[in-house]
Engineer: 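Structure incoming, see below.
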Amino acid sequence: MATTPILQCVSHSLTKLNTEAPRHEPNTAALEPPSSSILSLIPKCTSLRELKQIQAYTIKTHQNNPTVLTKLINFCTSNPTIASMDHAHRMFDKIPQPDIVLFNTMARGYARFDDPLRAILLCSQVLCSGLLPDDYTFSSLLKACARLKALEEGKQLHCLAVKLGVGDNMYVCPTLINMYTACNDVDAARRVFDKIGEPCVVAYNAIITSCARNSRPNEALALFRELQESGLKPTDVTMLVALSSCALLGALDLGRWIHEYVKKNGFDQYVKVNTALIDMYAKCGSLDDAVSVFKDMPRRDTQAWSAMIVAYATHGHGSQAISMLREMKKAKVQPDEITFLGILYACSHTGLVEEGYEYFHSMTHEYGIVPSIKHYGCMIDLLGRAGRLEEACKFIDELPIKPTPILWRTLLSSCSSHGNVEMAKLVIQRIFELDDSHGGDYVILSNLCARNGRWDDVNHLRKMMVDKGALKVPGCSSIEVNNVVHEFFSGDGVHSTSTILHHALDELVKELKLAGYVPDTSLVFYADIEDEEKEIVLRYHSEKLAITYGLLNTPPGTTIRVVKNLRVCVDCHNAAKFISLIFGRQIILRDVQRFHHFKDGKCSCGDYW
DNA sequence: TGAGGCTGTT
């Protein structure tokens with residue numbers, strides 16, 4: 001990892017500090033108080049020229065007075081359109097003995113300009129110069145560790161913060177929770193939260209986000225309720241994190257409840273909260289509600305339009321997504337990189353190849369947006385889905401950046417859906433050159449070989465997968481019933497009602513077969529088991545379990561909403577169509593890529609996925 | 001008090 005030497009430097013400083021007591025040097029810079037007129041002038045600057053004039057005047061009259069310089073530096077770090085961090089750093093270098101506030105201001109600036117390494121370097125300078133780091137310093141350092149996913153350094157900082165008496169500081173705790181969450185240690189984040197005597201609303205916001213992002217849906221929702229009962233007043237950020245939790249979990253009922261709360265407490269004046277509502281409704285499968293929130297918004301920014309475009313795109317309404325872009329331009333709102341991701345996504349899921357190319361070019365040429373890896377991914381998907389596999393391969397080879405395994409994986413899925421074994425084998429070679437630990441790759445190719453009766457290849461891939469120790473992410477589907485999110489894993493024997501559930505699913509499959517459903521056993525990875533056994537492996541797929549749970553535990557006629565962590569399998573997709581027809585239920589299934597609305601035996605994706 | 005923590009859109 002490129003960051004190691006710098007992080008080592010921090011570790012070194014930390015060890016030094018742990019063994020020697022920190023010295024606190026008094027600030028010996030000019031102490032003459034600045035005139036209040038200069039201080040009040042700084043925030044009014046409208047250009048770099050004005051700022052430089054004030055700077056020159058300060059040097060002349062106040063000899064680099066730290067109060068004025070800190071205010072100037074703070075202005076630079078908060079106004080990127082007027083001044084740069086380089087300019088701030090030049091001022092900073094002129095100060096012979098910067099105090100802790102100056103260091104902290106600079107570090108915060110680098111963090112804002114998304115340069116965590118520079119922020120860390122500055123803070124380690126604090127440690128080396130013998131200044132006593134304070135709660136501000138720890139906040140910046142922990143934020144940088146979160147950004148760099150540096151768990152070990154984060155832990156050391158946590159220990160040091162405790163030692164220096166700021167471990168339970170109200171500003172440090174949320175950054176600690178955030179750092180542990182970013183480093184995938186949710187338990188540690190939870191321990192930090194539990195140690196706070198009286199958590200403030202920001203700590204609650206941090207821990208709710210932590211649980212929601214790490215598949216702990218019910219814990220996130222319980223904490224949200226606890227926050228309400230504690231008498232603390234939720235803020236607009238609480239609404240954002242609670243809504244994004246619902247979106248991640250597909251918890252529509254709770255989302256609707258929060259929407260009511262938002263309206264009652266005036267949070268619907270915030271553009272960001274409305275955007276989070278659009279996203280929540282879209283991700284929970286209710287496009288109509290997303291549209292209605294968008295229509296009622298008093299003001300719409302780029303993010304709001306983008307959220308709506310992405311909503312239409314993921315629900316398979318490609319042409320609506322594109323017409324939204326036209327309306328957005330009419331409303332004189334500038335599209336950004338996310339807007340175009342939504343548009344490219346819409347094109348790829350609707351088969352609009354030529355339009356996709358056009359938007360890709362207008363994004364770069366007309367709007368000057370540099371395509372990211374995700375835009376390239378959309379283009380590969382666009383070509384691959386349409387069966388233009390050679391063209392997609394050429395597109396990857398001609399990229400100005402080094403392709404990642406994800407880009408090749410996108411093409412691999414297309415090879416699979418178009419049944420092109422030879423191409424898939426070539427593609428998997430390219431993937432294995434970069435990463436051979438991803439179990440999903442072996443499964444895709446193996447399923448494709450199995451469908452073509454190439455059992456030797458299937459066995460070979462299976463052996464390779466075991467030898468390499470490649471792991472497959474287990475399929476997991478969830479459904480919200482009575483405000484509780486129930487999770488099911490493939491072949492689940494964990495859920496409390498699993499015996500009843502398995503029994504019900506057995507009966508369900510019998511009924512589906514009578515209606516014409518034929519289990520697609522060619523999809524099962526194992527070549528050496530009998531067809532009957534294969535059918536059983538398929539039967540207990542997580543999405544089938546979740547749908548069955550929904551059928552058993554919701555009133556007849558209500559819509560069943562299921563969220564899956566991977567792509568839906570062909571057999572489950574087929575079964576869901578039959579279920580929607582036989583039981584007269586709408587099923588809305590969100591998978592890792594898009595939505596499938598099943599109704600009267602048909603799916604909204606038109607089997608184009 | 002010269003500087004804060006948690007934040008939505010693929």
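Order of the sequence lines sets the chain letters (A, B, ...), proteins ahead of strands, with each chain counted from 1.
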Engineer: Which residues satisfy the side-chain contact (heavy atoms from CB on, under 4.5 Å) test with A/Arg299, sequence neighbours excluded?
Structural biologist: A/Val271
Engineer: If you look at every strand shown and take non-hydrogen atoms under 4.0 Å, does A/Arg594 touch a base, only sugar-phosphate, or nothing?
Structural biologist: nothing
Engineer: Name the orientation class of the two ring planes belonging to A/Phe224 and A/Trp257 (parallel below 30°, tilted from 30 to 60°, perpendicular beyond 60°).
Structural biologist: perpendicular
Engineer: Distance check needed: B/dG5 P versus A/Asn104 CG, whole Å only.
Structural biologist: 12 Å
Engineer: Round to a whole Å and report the spacing from CZ of A/Phe595 to C1' of B/dT10.
Structural biologist: 13 Å
Engineer: For A/Arg213, check side-chain hydrogen bond (donor to acceptor under 3.5 Å, both in side chains) against everything at least two apart and list the hits.
Structural biologist: none
Engineer: Can you list everything that forms a side-chain hydrogen bond (donor to acceptor under 3.5 Å, both in side chains) with A/Ser78? Sequence neighbours excluded, please.
Structural biologist: A/Arg112
Engineer: Please report the distance, rounded to the nearest Å, between OH in A/Tyr136 and C1' in B/dG5.
Structural biologist: 10 Å
Engineer: May I ask you to say what A/Asp134 touches in the nucleic acid, namely base, sugar-phosphate or nothing, with a heavy-atom cut-off under 4.0 Å?
Structural biologist: base
Engineer: Identify whether any heavy atom of A/Cys200 sits under 4.0 Å from a base atom; if not, whether one sits that close to sugar-phosphate; answer base, sugar-phosphate or nothing.
Structural biologist: base
Engineer: Whole angstrom is fine here: how far is it from CG in A/Asp135 over to P in B/dG2?
Structural biologist: 16 Å
Engineer: Would you mind listing every side chain to side chain donor-acceptor pair (under 3.5 Å) that reaches into residues 133-147 of chain A, with sequence neighbours excluded?
Structural biologist: A/Asn104-A/Asp134, A/Asn104-A/Thr137, A/Asp114-A/Arg147, A/Asp134-A/Thr137, A/Asp135-A/Asn169
Engineer: Is it true that A/Glu226 and A/Tyr204 share a donor-acceptor pair across their side chains at a distance under 3.5 Å?
Structural biologist: yes
Engineer: Would you indicate which nucleotide in B/dC6, B/dA3, B/dT9 comes nearest to any side-chain atom of A/Lys143?
Structural biologist: B/dC6
Engineer: For A/Phe103 and A/Phe92, I'd like to know if the aromatic rings sit close, meaning centre-to-centre distance below 6.0 Å.
Structural biologist: yes
Engineer: What residues, two or more places apart in sequence or in another chain, satisfy side-chain hydrogen bond (donor to acceptor under 3.5 Å, both in side chains) together with A/Gln228?
Structural biologist: none
Engineer: Please enumerate all residues that pass side-chain contact (heavy atoms from CB on, under 4.5 Å) together with A/Ser413, with sequence neighbours excluded.
Structural biologist: A/Ile444, A/Arg567
Engineer: Rounded to whole angstrom units, what separation is found between the CG atom of A/Leu344 and the P atom of B/dT10?
Structural biologist: 14 Å
Engineer: Residues two or more places apart in sequence or in another chain: which of them pass side-chain hydrogen bond (donor to acceptor under 3.5 Å, both in side chains) with A/Ser372?
Structural biologist: A/His375
Engineer: Applying side chain to side chain donor-acceptor pair (under 3.5 Å), which residue pairs with at least one partner in residues 304-313 of chain A are found, sequence neighbours left out?
Structural biologist: A/Ser306-A/Thr339
Engineer: Not counting sequence neighbours, which residues clear side-chain contact (heavy atoms from CB on, under 4.5 Å) with A/His438? List them please.
Structural biologist: A/Arg409, A/Asp435, A/Asp441
Engineer: Going by number, which of residues 231-264 of chain A have a non-hydrogen atom under 4.0 Å from DNA chain B?
Structural biologist: A/Val237, A/Leu240, A/Val241, A/Ser244
Engineer: Using a strict heavy-atom distance below 4.0 Å, which residues from residues 269-305 of chain A are in contact with DNA chain B?
Structural biologist: A/Lys272, A/Thr275, A/Asp279, A/Lys283, A/Gln303
Engineer: B/dG5 P sits how many Å from A/Leu141 CG, rounded?
Structural biologist: 14 Å
Engineer: Give A/Val101 one of three labels, base, sugar-phosphate or nothing, depending on what nucleic acid heavy atoms sit under 4.0 Å from its own.
Structural biologist: base
Engineer: In whole Å, I'd like the distance from the CG atom of A/Asp99 to the C1' atom of B/dT1.
Structural biologist: 13 Å
Engineer: Please list, by residue number, the residues of residues 173-182 of chain A whose heavy atoms come closer than 4.0 Å to an atom of DNA chain B; answer none if no residue qualifies.
Structural biologist: A/Pro174, A/Thr175, A/Asn178
Engineer: Of the nucleotides B/dA3, B/dT10, B/dG5, which has the atom closest to the A/Lys374 side chain?
Structural biologist: B/dT10
Engineer: I need the CE-P distance between A/Met170 and B/dA3, as an integer number of Å.
Structural biologist: 17 Å
